Amino acid sequence: MTPAELADTIVAAVRAAVANGDLEVAVPDSVTVERPRQPEHGDYASPVALQLAKAARRRPREVAELLAARLRAEAGVAEVEVAGPGFLNIRLAGAALGGIARRIVRDGESYGRAAVSQGVRVNLEFVSANPTGPVTLASARWAAVGDALSRVFAAAGYEVGTEYYVNDAGVQVERFGASVLAALRGQPAPADGYQGAYVAEIAAKVLAANPALEQLLAASGGEQDGGAEQDKALAVCARDGVELMLAEIRATLSGFGVEYDLWKSERSLHEAGELTAAIDELRTQGHVYEADGAVWLRTTDFGDDKDRALIKRDGQPTYFCADAAYYRDKRRRGFDRLCYLLGADHHGYIGRLKAISACFGDDPDHNLDVLIGQMVTLSRGGVAVKMSKRAGNFLTLHDLVDAVGVDAARYSLVRASMDSALDLDLDAIARQTNDNPVFYVQYAHARISSLIRNAAALGLATSADPAFDVDGVDVSLLTHPREVDLLGALGELPRVVASAAELRAPHRIARYLEELAGTYHRFYDSCRVLPQGDEEPTAITAARLLLAEATRTVLANGLRLLGVSAPERM
RNA sequence: GCCCCUGUAGCUCAGUGGAUAGAGCGACCGCCUCCUAAGCGGUAGGCCGCAGGUCCGAUUCCUGCCAGGGGCACCA
């Protein structure tokens, strides 16, 4: 019996008590079932009686006793105790608890899915860094978190679409082009341009792809001639520079295990007339006005602290206008809920995006989800490392992966709550010792894999065997405290997935896996699985082997949600 | 000035109103003739920033204050 099934059982007990006239209270949709820290508080505990007592106008312990009597009649329930102010402490029948292991091995990769958000179409946009430089470490956090979140969403039953918004229009692109051009000429970057070795590398690639550029450069001569040849060269540098930079970003993210469903070009929105269409629609909704030669959206109607310009006085659309067009575009593509993963430096966007949503007639509380993650800072041996993209001194995602590998990089970025600023100590990460919890979790998986290999070598049946009979294993033998702990931990995955999705907190998966790995290691330490020496395998051997296999499945499923590999050997 | 995030063990951080607040690292003491010691057990270490409030019950929710970080463009 899983905790979810137990919760349903308790709800049913409440319903029965109400139907019988024993209790006068509205039957709750769901009840709290938790795993107590104290083993003497049972396998599971529920404060449901405390929660219902007031509404029922009864004493909590009275309500508890009433429900306990009904629960004791349930097949999977061995024992129910009313404790303290009115907690229900529930002990499951051995077979019911052990059934979790069976369920997991039977479900395999699909164990842990929680169909709590079935059918909701959610769009998740993350990273979306300007294509004017490599993926920085700050963006790396959103790559790891965003990708994990998309996997968690999918596991929770959402229909997910992931997107990267490419800012390939506007001033920064021109500045990047100018920087590339300067590099080609061997000149320093313009004052408002981009520096760093990568600019020269991109410049070389631009030249290689455009041999004709050589002549343009020669013809345009000096730096300030401003002629047609110069404009042509600049255009090529901007266009191809951004394209090549974007290709590099895609390759880096792909190497990091992050694949997007859509790379949406801002320029394509402009070219398709989406900005104009968005303004028209906003005008129809009655939120557009003109003042000082500019066109404005009255976002203050919906809580923004000031109105935002859509069209500047010079006739050019603002970046905000493109944001609105993109919002509309996503909604028209059928997404119910638009999720934006942004850094804390963009927190001013919340009000704006909410206003955009509301101006289009949507409900921001329902259609919009702006997640603000705190910044990543770097230190080296405890000393802060200053980074500046403009100055060109920064550590990239690529550097990080080179230093510690994809698994350690992803894991260390995703195991912290988005709400906390994350400080990565490069020395500590580069050390690649067991300081990193990812090894602890992966090691548990490798250790079990080894165990199962050994079992197969002894001729024992494992789930890899097509004829393996899961139901033939006597799971009621799993009664050792460490076995019970492990079964309890394994049963939590679906709930952890559901809460990680609901709270948009993929780090919960990581923390859960660390706890599970510890629980397994303790089980392994106290419970011998395989026969030793001349011993014959027993029913307990089979039961423990099944428990180990279930654990491996949960570890693998959890690591997959984080985009981290589950090695069979370490 | 206004807005957002954070404040929990020496350090880095978990903890969506439940019972005696946890993990990793660091410190100290133990455990491999035995399935992977990248492991396990034990000890030490906490006014959960401060003060009120709501509640049967608050680290969790609300208000105020203190401290640290970030943000407040007709930039992108």
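Worth saying up front: this structure is predicted, and the values here are computed from it rather than measured. Residue numbers begin at 1 in each chain, while the letters A, B, ... track the order of the sequences.
Contact check, Arg37(A) against G22(B): a side-chain N or O comes under 4.0 Å of OP1 or OP2. Dashed line: the shortest gap from a side-chain N or O of Tyr512(A) to OP1 or OP2 of G22(B) is not under 4.0 Å. Put simply, Arg511(A) has no side-chain N or O that comes within less than 4.0 Å of OP1 or OP2 on G15(B). In terms of phosphate contacts, Lys306(A) brings no side-chain nitrogen or oxygen within less than 4.0 Å of OP1 or OP2 of A73(B). Phosphate contact (OP1/OP2 of C13(B), side-chain N/O of Arg415(A), threshold under 4.0 Å): absent. Distances shorter than 4.0 Å separate some side-chain N or O of Ser420(A) from OP1 or OP2 on A14(B). Contact annotation: His507(A) reaches the phosphate of G15(B) (side-chain N/O to OP1 or OP2, under 4.0 Å).
Counting any heavy atom pair closer than 4.0 Å across all strands shown, Cys527(A) reaches a base atom. Among the heavy atoms of the strands, none lies under 4.0 Å from Gly84(A). Among the protein residues, Tyr524(A) comes within range of the nucleic acid bases, having at least one heavy atom under 4.0 Å from a base atom. Arg522(A) comes within contact range of the sugar-phosphate backbone alone, with a heavy-atom separation under 4.0 Å but no base atom that close. Heavy atoms of Ser499(A) sit under 4.0 angstrom from at least one base atom. Within 4.0 Å of Asn167(A), counting heavy atoms only, lies no atom of the nucleic acid at all. Residue-level contact check: Asp314(A) touches neither bases nor backbone, having no heavy atom under 4.0 Å from any strand.
The ring of His346(A) has its center no closer than 6.0 angstrom to the ring center of Tyr340(A).
The aromatic rings of Tyr194(A) and Phe176(A) sit perpendicular to each other, their planes meeting at more than 60°, with 30° as the lower class boundary. Between Phe302(A) and His287(A), the ring-plane angle classifies as perpendicular under the 30° and 60° cut-offs.
For the pair Tyr440(A) and G24(B), the ring geometry does not qualify as stacking, because the centroid separation below 5.5 Å and plane angle under 30° are not jointly satisfied. A stacking contact links His41(A) to A19(B): the aromatic ring centre lies within less than 5.5 Å of the base's six-membered ring centre, and the planes differ by less than 30°.
Less than 4.0 Å separates RNA chain B from at least one heavy atom of each of the following residues of residues 441-462 of chain A: Tyr443(A), Ala446(A), Arg447(A), Ser450(A), Leu451(A), Arg453(A), Asn454(A).
Asp485(A) has a carboxylate O that lies under 4.0 Å from a charged side-chain N of Arg482(A), or vice versa, which qualifies the two as a salt bridge.
Between Gln38(A) and Glu568(A), the residue whose closest nucleotide on RNA chain B is further toward the 5' end is Gln38(A). Projected onto RNA chain B by closest heavy-atom contact, Lys312(A) and Arg495(A) fall at different nucleotides, the more 5' of which corresponds to Arg495(A).
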Quiz item: Given the rule that a pair is Watson-Crick or G-U wobble with both distances under 3.5 Å, how would you write RNA chain B in dot-bracket, using | for pairs to a different strand?
Solution: (((((((..((((....[...)))).(((((.......))))).....(((((..]....))))))))))))....
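Residue-to-nucleotide contacts include no donor-acceptor pair under 3.5 Å from the side chain of His521(A) to the base of C40(B). In the interface, the side chain of Asp525(A) is not paired with the base of A37(B) through any donor and acceptor atom under 3.5 Å apart.
One interatomic measurement links the two molecules: NE2 of His347(A) to C1' of U6(B), which rounds to 14 Å at whole-angstrom precision. Residue Arg141(A) contributes atom CZ, which lies 12 Å from atom C1' of C13(B) at whole-angstrom precision. In this entry the distance linking CD1 of Ile509(A) with P of G15(B) reads 13 Å, nearest Å.
Residues Leu545(A) and Val529(A) form a side-chain contact, since some pair of their non-hydrogen atoms from C-beta on lies under 4.5 Å apart.
Distance noted for atom C1' between C31(B) and U20(B): 28 Å (whole Å).
Checking side-chain atoms of His445(A) against main-chain N and O of Pro567(A) turns up a donor-acceptor pair under 3.5 Å.
Annotation: Lys264(A), atom NZ; neighbour count of heavy atoms from other residues, nucleotides and ligands within 6.0 Å is above 12. Around atom CZ of Arg59(A), no more than 12 heavy atoms belonging to other residues, nucleotides or ligands sit under 6.0 Å away.
When all heavy atoms of Leu137(A) and Val376(A) are compared, the closest pair comes out as O-CG2, 4.3 Å.
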